[in-house]
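Working notes for the structure below.
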Amino acid sequence: MSRILNGIVALCPDLGIGKNGNLPWHPVRLNNEFAHFRKMTATSSVKGKQNVVIMGRKTWFSIPEKNRPLNNRINIVLSRKCKAPPPGAHYLVADFSSALRLVDIELTEQVDQVWVIGGSSVYKELMESPGTRRLFVTRILKQFECDTFFPEISPEKYRLLPEFPEVPREVQVESDIEYRFEVYESI
């Protein structure tokens, strides 16, 4: 597969990404961080094409109903439990490889970029899949209680890029929470 696969995640120092089906810092909203997520996942670089967001069932249901599906993106939900796409989802597939096949075979003319947006097991599959992968990581510089975690980013498999277009390098501050954006690329 020649397409670059992207993952995007916001995580705490202990790699925590969720608590009780919400972001760990909930109910605090990091609006600028969310705008970064939206810009990265929704902005296609090819006129007439859309990006795909791939997510697990729990991630889908963690998105407020009024925001589902994520607009201007093709939403693919992974689930072995659901028999039909959840209301609002564009596609339902059983696993990550089926999602990639769907993108490469049926949706290839419509799709520009592929973004994995959660949860833990889907990130793990992305990180272990062949080909070029990029991880767009928001490092929250404050620890919150978490029950869901991101896989370890192995320095043998990923390198931190010194910069990336349209990704700010300086520390961001929002609602008294500091964070920074990082982009890793598979080696």
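Positions are given from 1, in the same order as the sequence printed here.
A salt bridge links Glu185 to Arg159: at least one charged side-chain nitrogen sits closer than 4.0 Å to a carboxylate oxygen.
Put simply, CE on Met40 and CZ on Phe164 are 6.0 Å apart, with the number rounded to the nearest 0.5 Å. A distance of 11.0 Å separates CZ in Arg133 from CD1 in Ile4, rounded to the nearest 0.5 Å. In this structure, Leu100 CG and Leu126 CG are separated by 8.5 Å, a value rounded to the nearest 0.5 Å. To the nearest 0.5 Å, atom NE2 of residue His36 and atom CD of residue Glu166 are 10.5 Å apart. Taking OH from Tyr123 and CG from Leu15, the interatomic distance works out to 12.0 Å, rounded to the nearest 0.5 Å. Here the straight-line distance linking atom CZ of Arg29 with atom CD1 of Ile177 works out to 12.5 Å at 0.5 Å rounding.
Panel note: side chain Thr148, backbone Ile17; no donor-acceptor pair is recorded below 3.5 Å. A distance-only check finds a donor-acceptor pair linking the side chain of Asp112 to the backbone of Ser45 [under 3.5 Å]. Counting only distance, with no hydrogens or angles, the side chain of Tyr179 and the backbone of Glu33 share a donor-acceptor pair below 3.5 Å.
The shortest distance between side-chain heavy atoms of Gln172 and Asn32 does not fall below 4.5 Å. Annotation: side chain of Lys142 is not in contact with side chain of Trp25 (no heavy-atom distance under 4.5 Å). Residues Val52 and Leu102 are not in side-chain contact: their nearest non-hydrogen atoms beyond the backbone lie 4.5 Å or more apart. Using a 4.5 Å cut-off on side-chain heavy atoms (C-beta onward), Arg57 and Pro86 make no contact. Taking the side chain as every heavy atom from C-beta outward, Arg180 and Leu141 approach each other to under 4.5 Å. Using a 4.5 Å cut-off on side-chain heavy atoms (C-beta onward), Val93 and Ile76 make contact. Contact of the Asp147 side chain with the Asn20 side chain is registered, since non-hydrogen atoms from C-beta on lie closer than 4.5 Å. Contact annotation: the side chain of Phe149 never approaches that of Cys12 to less than 4.5 Å [non-hydrogen atoms, C-beta and beyond].
The cluster map of Ile, Leu, Val, Met, Phe, Trp and Tyr, joined by side-chain heavy atoms under 4.5 Å apart, puts Val171 and Val28 in different clusters. Linking ILVMFWY side-chain heavy atoms closer than 4.5 Å, directly or via other members, places Ile117 and Leu23 in a single hydrophobic cluster. Note on Val167: it clusters hydrophobically with Leu161, by side-chain heavy-atom contacts below 4.5 Å among ILVMFWY residues. Under the 4.5 Å side-chain contact rule for hydrophobic residues, Val103 and Ile8 do not share a cluster. Tracing side-chain contacts under 4.5 Å through hydrophobic residues (I, L, V, M, F, W, Y), one never reaches Val183 starting from Leu11; they form parts of separate clusters.
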- Is there a side-chain contact (heavy atoms from CB on, under 4.5 Å) between Leu5 and Ile54 once you walk through the steps? CA-CA 10 Å; Leu5 298 178; Ile54 297 174; over 6 Å; no
- Determine, step by step, whether Met127 and Lys157 satisfy the side-chain contact (heavy atoms from CB on, under 4.5 Å) criterion, reporting the C-alpha distance in whole Å, the side-chain angles of both residues, the deciding distance to 0.1 Å, and the verdict. CA-CA 9 Å; Met127 292 167 71; Lys157 294 183 179 177; over 6 Å; no
- Query: Under the side-chain contact (heavy atoms from CB on, under 4.5 Å) criterion, do Gln50 and Leu107 qualify, and how do the steps go?
  - Reply: CA-CA 10 Å; Gln50 282 190 312; Leu107 303 176; over 6 Å; no
- Message: Before you tell me yes or no, could you show the steps for Asn75 and Met55 under side-chain contact (heavy atoms from CB on, under 4.5 Å), namely the whole-Å CA-CA distance, both residues' side-chain angles and the distance that decides it to 0.1 Å?
- Response: CA-CA 8 Å; Asn75 291 233; Met55 69 198 90; 3.7 Å; yes
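The two residues Arg139 and Ile153 make their nearest non-hydrogen contact at NH2-CD1, 3.9 Å. Taking all atoms of both residues into account, the shortest heavy-atom contact from Asp14 to Cys146 is OD1-SG, 4.2 Å. When all heavy atoms of Phe96 and Ser129 are compared, the closest pair comes out as CE2-CB, 4.1 Å. Summarising the geometry of Lys49 relative to Val111, their closest heavy-atom pair is CD-O, 3.5 Å, with the distance given to 0.1 Å. Shown here for Asp95 and Ser97, the closest heavy-atom pair between the two residues is OD1-OG, 3.1 Å. Minimum interatomic distance between Thr59 and Gly119 (heavy atoms only, all atoms of both residues): OG1-N, 3.1 Å.
Residue-environment remark: CG (Asp176) stays at or below the threshold of 12 foreign heavy atoms within 6.0 Å. Heavy-atom neighbours of Lys19 NZ from other residues, nucleotides or ligands within 6.0 Å: above the threshold of 12. Taking a 6.0 Å sphere around NZ of Lys124, one finds it holds 12 or fewer heavy atoms contributed by other residues, nucleotides or ligands.
Using the six-membered ring where Trp is involved, Trp115 and Phe136 have ring planes that are tilted, between 30° and 60° apart. Ring orientation note: the planes of Phe34 and Phe37 are close to parallel, at an angle under 30° on the 30°/60° scale.
Here the rule is side-chain hydrogen bond (donor to acceptor under 3.5 Å, both in side chains) with Arg73, and of Thr41, Thr43, Asn51 only Thr41 fits it.
A donor and an acceptor atom, one from each side chain of Asn31 and Glu174, are nowhere located under 3.5 Å apart.
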